[in-house]
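In what follows, a single structure is set out as structure tokens and then discussed.
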Amino acid sequence: RQATELRQAISEHHGVQPDQVFCANGSNEVLQCLFLAYGGPGRAALVFEPTYALHSHIARLTGTGVVRGERTAAFAVDGDLAKELLSASAAQLGEREPSITLLCSPNNPTGNSETRSTVEDLAGAVPGLLVVDEAYGQFSSWSAIDLVRGGDPAVAVVRTFSKTWAMAALRLGYLVTTSEVVKACSAVSLPYHLDAFKQQAGTLALRHEPEMRARVARLVEQRGRLLSALFDLSVEAWPSDANFVLFRVPGCTAGEVWQRLVDQSVLVRDVSGWPRLEGCLRVTVGTAEENGRFLEALGRVLRP
Ligand SMILES: *Cc1c(COP(=O)(O)O)cnc(C)c1O
């Protein structure tokens with residue numbers, strides 16, 4: 001019931017104590033537990049748009065208010081602006097001052113990650129918990145788990161087996177934080193919510209860390225190739241710390257580009273409906289062959 005073996009394995013993987021790890025059915029359920037424990041009616045969560053849409057969706061599902069902060073032109077979070085927003089919302093919202101601040105780093109769908117000093121700064125400024133969603137954490141050069149290890153009581157880091165571990169259908173995610181936050185999340189999760197098969201599979205996966213690291217290295221190499229090819233095609237593309245690249249084709253709507261790629265059997269994500277991402281699409285970094293096919297297809301869209 002306590003997923004003892006799995007939590008032990010995850011704690012060793014990150015150099016923390018087993019009572020600092022909470023596991024659930026995907027990181028989305030981890031987030032839902034955080035909202036059940038620390039959100040709810042009369043409370044609010046702060047998010048920085050554009051970001052992972054499930055954060056504000058789960059907030060709404062749990063009756064938690066949502067305060068939206070803006071990112072800079074490069075889609076980074078500005079620590080000073082965030083602090084102004086926190087004090088403004090405290091004054092305006094009274095008891096609804098954000099009890100949860102969500103930071104997606106590397107950010108989905110823009111791909112950039114926050115610097116350590118921004119995250120440290122925010123952790124010191126938030127009135128409640130700073131939840132750092134590191135679904136793409138292994139692609140980044142640093143992790144906020146360092147801050148948890150250093151004893152910061154405000155930081156909770158969400159991780160998943162769905163991305164770099166290539167086990168999305170397993171539905172397994174976890175939280176690395178203080179034992180107090182783990183207790184609060186356990187209190188709102190259903191008894192026996194994590195099946196035994198999943199616990200075994202997650203524990204076994206962690207023994208294959210070198211393969212996971214090799215996969216990440218291959219993707220990072222391909223990501224560099226993709227970015228420079230997009231640059232050569234004069235497509236606007238943003239630097240990425242994740243396994244996807246945000247891009248925009250000047251003079252075309254995102255819908256046109258999406259359809260003309262689909263017509264050539266290449267599927268990317270149209271993210272143009274998200275705040276501030278007019279005209280943008282997101283391509284996932286694949287194998288060398290897949291990336292080649294994407295670039296050829298995009299070339300034909302640009303020069304029909
Ligand atoms: C994919 C993703 C998740 C969801 O992961 P699951 O563990 O499959 O629920 C969470 N956060 C971000 C930012 C993601 O991109």
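Read the numbers this way: they start at 1 and go in the same order the structure lists the ligands and their atoms. This one's a predicted model, so the numbers in the text were calculated from it and none came from an experiment.
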Checking side-chain polar atoms at under 3.5 Å, does Ser179 have a donor or acceptor matched by the opposite partner on Gln17?
no

Just to check, does Ala135 reach to within less than 4.0 Å of ligand 1 when the distance is taken from its heavy atoms?
yes

Of all the atoms in ligand 1, which lie at a distance below 4.0 Å from a heavy atom belonging to Tyr136?
15 (O)

Among Leu172, Leu54, Val158, Leu175, exactly one meets side chain to side chain contact (heavy atoms under 4.5 Å, CB included) together with Ser27. Which residue is that?
Val158

Closest protein heavy atom to atom 10 (C) of ligand 1, given as residue, atom name and distance to 0.1 Å
Ser27 OG, 3.3 Å

Nearest-contact summary for atom 14 (C) of ligand 1 - protein heavy atom, Å:
Lys163 NZ, 2.9 Å

Do me a favour and list the nearest non-hydrogen protein atom to atom 3 (C) of ligand 1 with residue, atom name and distance?
Tyr52 OH, 3.3 Å

With atoms numbered from 1 as shown, which atoms in ligand 1 lie under 4.0 angstrom from a non-hydrogen atom of Cys104?
13 (C)

Tell me the contacting part of Asn28 for ligand 1: side chain, backbone, both, or neither, using a 4.0 Å heavy-atom threshold, strictly below.
both

Please list all pairs meeting salt bridge (Lys or Arg N to Asp or Glu O under 4.0 Å) that have one or both residues in residues 209-231, counting only residues at least two apart or in different chains.
Glu209-Arg213

Side-chain ion pair, Asp146 and Arg149, N-O less than 4.0 Å:
yes

For atom 11 (N) of ligand 1, the protein heavy atom that lies nearest, with its residue and separation:
Asp133 OD2, 2.7 Å

Going by the closest heavy atom to atom 9 (O) of ligand 1, which one wins out of Glu29, His55, Arg171?
Arg171

Do Asn28 and Gln32 get their side chains close enough for a donor-acceptor pair, meaning under 3.5 Å?
no

Contact atoms of ligand 1, heavy-atom distance to Ser162 under 4.0 Å
6 (P), 7 (O), 8 (O)

Which ligand 1 atoms does Gly26 reach within 4.0 Å, using its non-hydrogen atoms?
7 (O), 9 (O)

Check if Ala168 has a non-hydrogen atom at a distance under 4.0 Å from any atom of ligand 1.
no

Residue list, ring-ring contact (aromatic ring centres under 6.0 Å, His included) with Phe294, at least two apart or on another chain:
Phe247

Aromatic ring centroids of His13 and Tyr174 under 6.0 Å?
no

Identified side chain to side chain contact (heavy atoms under 4.5 Å, CB included) counterpart of Cys185 within the set Val30, Leu36, Leu34
Leu34

